[in-house]
Asks: 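My questions all concern the structure below.
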Amino acid sequence: MRLVLVRHAETEKSARGRCYGSLDVGLSPAGKAQCARLAEALAADRVAAVVSSPRTRALETAQAIAEPHSVEVHVDSDLQELDFGELEGRPYDEIAEEMPDLYAAWMTTPTRVEFPGGESYADLARRARGAVERLRRQRVDGTAVAVTHGGIVRAVLADVLGIPDDRIFRIAVEPASVAIVEWVEDVPTLVALGGGAYPSTRADRSRFTP
């Protein structure tokens, strides 16, 4: 199986400076342009399945990718970003001022924090693994594309590479970036990671750098 993990394109300005995971926000004009570039780059690939987080920013990205292939976008709620619970939609400065202990823990040990009314990284990682396993069981004949969020991409790649939880933020996952994972039997290999372009052939992927 070949899986292309795509982080959704850039979000609208209203989301910037705020905590958002389960909060639904759309794409900026620049994000929509990123979608068009992703769709063009993936148009030559044999995309057989597209799955997406239910969040608008992911769905808009997924629909742009799926359209040239006449493939229906299927929604998997396990691909949505971490639920930050009571922190959703609040400005970071406000969180730091009103919840200093939680904010300090979030900034220093983010994968150990369970957000009040929300999730922990462990919850997200379990969801991410489940979503990937369901895709693998489908035995997609061609490329499967999963459009999701930075947290999910990092969790999947950490599982593929055997990276400890406390090092996942060493993986840069920019808006509209892609990561390609291929399995030979049950052994996964990360064959490309980065943003700004999409490698459609194995030779191209060998030169694909962040």
Side-chain angles (χ1 to χ4, degrees), residues 3 5-28 31 34 51-62 73-135 146-179 181 190 193 195:
L3 173 64
L5 290 162
V6 180
R7 185 186 175 190
H8 63 79
E10 181 188 277
T11 54
E12 58 194 25
K13 288 183 178 180
S14 63
R16 296 171 201 173
R18 295 180 177 271
C19 176
Y20 66 95
S22 62
L23 191 69
D24 218 6
V25 296
L27 298 179
S28 69
Q34 288 174 334
V51 294
S52 174
S53 156
R55 300 281 69 86
T56 298
R57 56 195 184 272
L59 279 170
E60 289 182 358
T61 307
V73 175
H74 292 276
V75 172
D76 187 337
S77 60
D78 280 347
L79 289 173
Q80 63 190 341
E81 183 60 284
L82 187 75
D83 183 350
F84 291 100
E86 296 174 13
L87 277 59
E88 288 284 349
R90 298 179 64 180
Y92 292 113
D93 291 346
E94 179 184 292
I95 297 167
E97 181 178 347
E98 296 184 8
M99 310 173 80
D101 292 342
L102 176 63
Y103 188 80
W106 184 15
M107 293 299 107
T108 55
T109 57
T111 58
R112 299 181 192 174
V113 175
E114 183 165 350
F115 293 91
E119 295 181 293
S120 67
Y121 173 74
D123 297 325
L124 177 142
R126 280 192 293 271
R127 291 197 280 106
R129 287 193 294 269
V132 170
E133 282 307 307
R134 282 193 296 278
L135 263 177
V147 183
T148 181
H149 307 266
I152 294 287
V153 173
R154 288 188 178 96
V156 173
L157 297 184
D159 193 48
V160 167
L161 300 172
I163 295 173
D165 290 354
D166 61 357
R167 298 181 184 177
I168 64 167
F169 290 99
R170 296 184 183 185
I171 304 172
V173 184
E174 300 299 324
S177 63
V178 301
V181 180
L190 175 63
L193 173 64

Asks: Within this structure, what is the CD-CD1 distance for the pair Gln80 and Ile152, rounded to the nearest 0.5 Å?
Replies: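 If we round to the nearest 0.5 Å, Gln80:CD and Ile152:CD1 are 8.0 Å apart.
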Asks: Please report the interatomic distance CD(Glu86) to CE(Met99), rounded to the nearest 0.5 Å.
Replies: 5.5 Å
Asks: Between Ser22 and Phe84, is the side chain to side chain contact (heavy atoms under 4.5 Å, CB included) condition met? List the steps.
Replies: CA-CA 7 Å; Ser22 62; Phe84 291 100; over 6 Å; no
Asks: Tell me the closest heavy-atom pair linking Leu82 and Ser120, and the distance in Å.
Replies: CD1-O, 3.3 Å
Asks: Can you name the closest pair of heavy atoms from Ala155 and Tyr121 and give their distance?
Replies: CA-OH, 3.4 Å
Asks: Gly26 and Thr56: which non-hydrogen atoms are nearest, and at how many Å?
Replies: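 Residues Gly26 and Thr56, closest heavy atoms: CA-CG2, 4.1 Å.
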Asks: Can you give me the closest heavy-atom contact between Leu79 and Ala131, atom names plus distance?
Replies: CD2-CB, 3.7 Å
Asks: Could you check whether any side-chain N or O of Ser177 sits under 3.5 Å from a backbone N or O of Val173, counting only pairs where one atom can act as donor and the other as acceptor?
Replies: no
Asks: Measure across Gly31 and Ala9 and return the closest heavy-atom pair with its distance rounded to 0.1 Å.
Replies: O-CB, 3.2 Å
Asks: Can you name the one residue among Gln34, Arg57, Arg16 that meets side chain to side chain donor-acceptor pair (under 3.5 Å) with Glu10?
Replies: Arg16
Asks: Can you label the angle between the Phe115 ring and the Trp106 ring as parallel, tilted or perpendicular, going by 30° and 60°?
Replies: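 Aromatic pair Phe115/Trp106 classed perpendicular.
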Asks: How far apart are the closest heavy atoms of Ser77 and Pro54, and which atoms are they?
Replies: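 Heavy atoms only, the tightest pair is CA-CD, 3.8 Å.
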Asks: Could you check whether atom CD of Glu97 has more than 12 heavy atoms from other residues, nucleotides or ligands sitting under 6.0 Å from it?
Replies: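 Open.
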Asks: To the nearest 0.5 Å, what is the distance between CD1 on Ile171 and CG on Leu193?
Replies: 7.0 Å
Asks: Check the pair Leu5 / Leu157 against side chain to side chain contact (heavy atoms under 4.5 Å, CB included), numbers first and verdict last.
Replies: CA-CA 10 Å; Leu5 290 162; Leu157 297 184; 4.2 Å; yes
Asks: Output the distance between atom CD (Glu94) and atom CZ (Arg18), rounded to the nearest 0.5 Å.
Replies: 8.0 Å
Asks: Hey, could you give me the CG/CG distance between Leu27 and Leu59, rounded to the nearest 0.5 Å?
Replies: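 Between atom CG of Leu27 and atom CG of Leu59 there are 10.0 Å.
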Asks: Give the intermediate values and the outcome of side chain to side chain contact (heavy atoms under 4.5 Å, CB included) for residues Leu102 and Leu87.
Replies: CA-CA 10 Å; Leu102 176 63; Leu87 277 59; 3.8 Å; yes
Asks: So, the side chain of Glu88 versus the backbone of Leu23: is there a donor-acceptor pair under 3.5 Å, distance only?
Replies: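 Indeed, once roles are kept as given, a pair shorter than 3.5 Å links the two residues.
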Asks: Please test Arg134 against Asp78 for side chain to side chain contact (heavy atoms under 4.5 Å, CB included), starting from the C-alpha separation and ending with a verdict.
Replies: CA-CA 11 Å; Arg134 282 193 296 278; Asp78 280 347; 2.8 Å; yes
Asks: Has the side chain of Arg154 got a donor or acceptor atom that lies under 3.5 Å from a matching backbone atom of His149?
Replies: no
Asks: Please determine, by modelled atom types, if Ser53 and His8 share a side-chain donor-acceptor pair under 3.5 angstrom.
Replies: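 No, His8 and Ser53 have no side-chain donor paired with an acceptor closer than 3.5 Å.
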Asks: How long is the gap from CG on Leu124 to CZ on Arg129, to the nearest 0.5 Å?
Replies: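 The distance works out to 9.5 Å.
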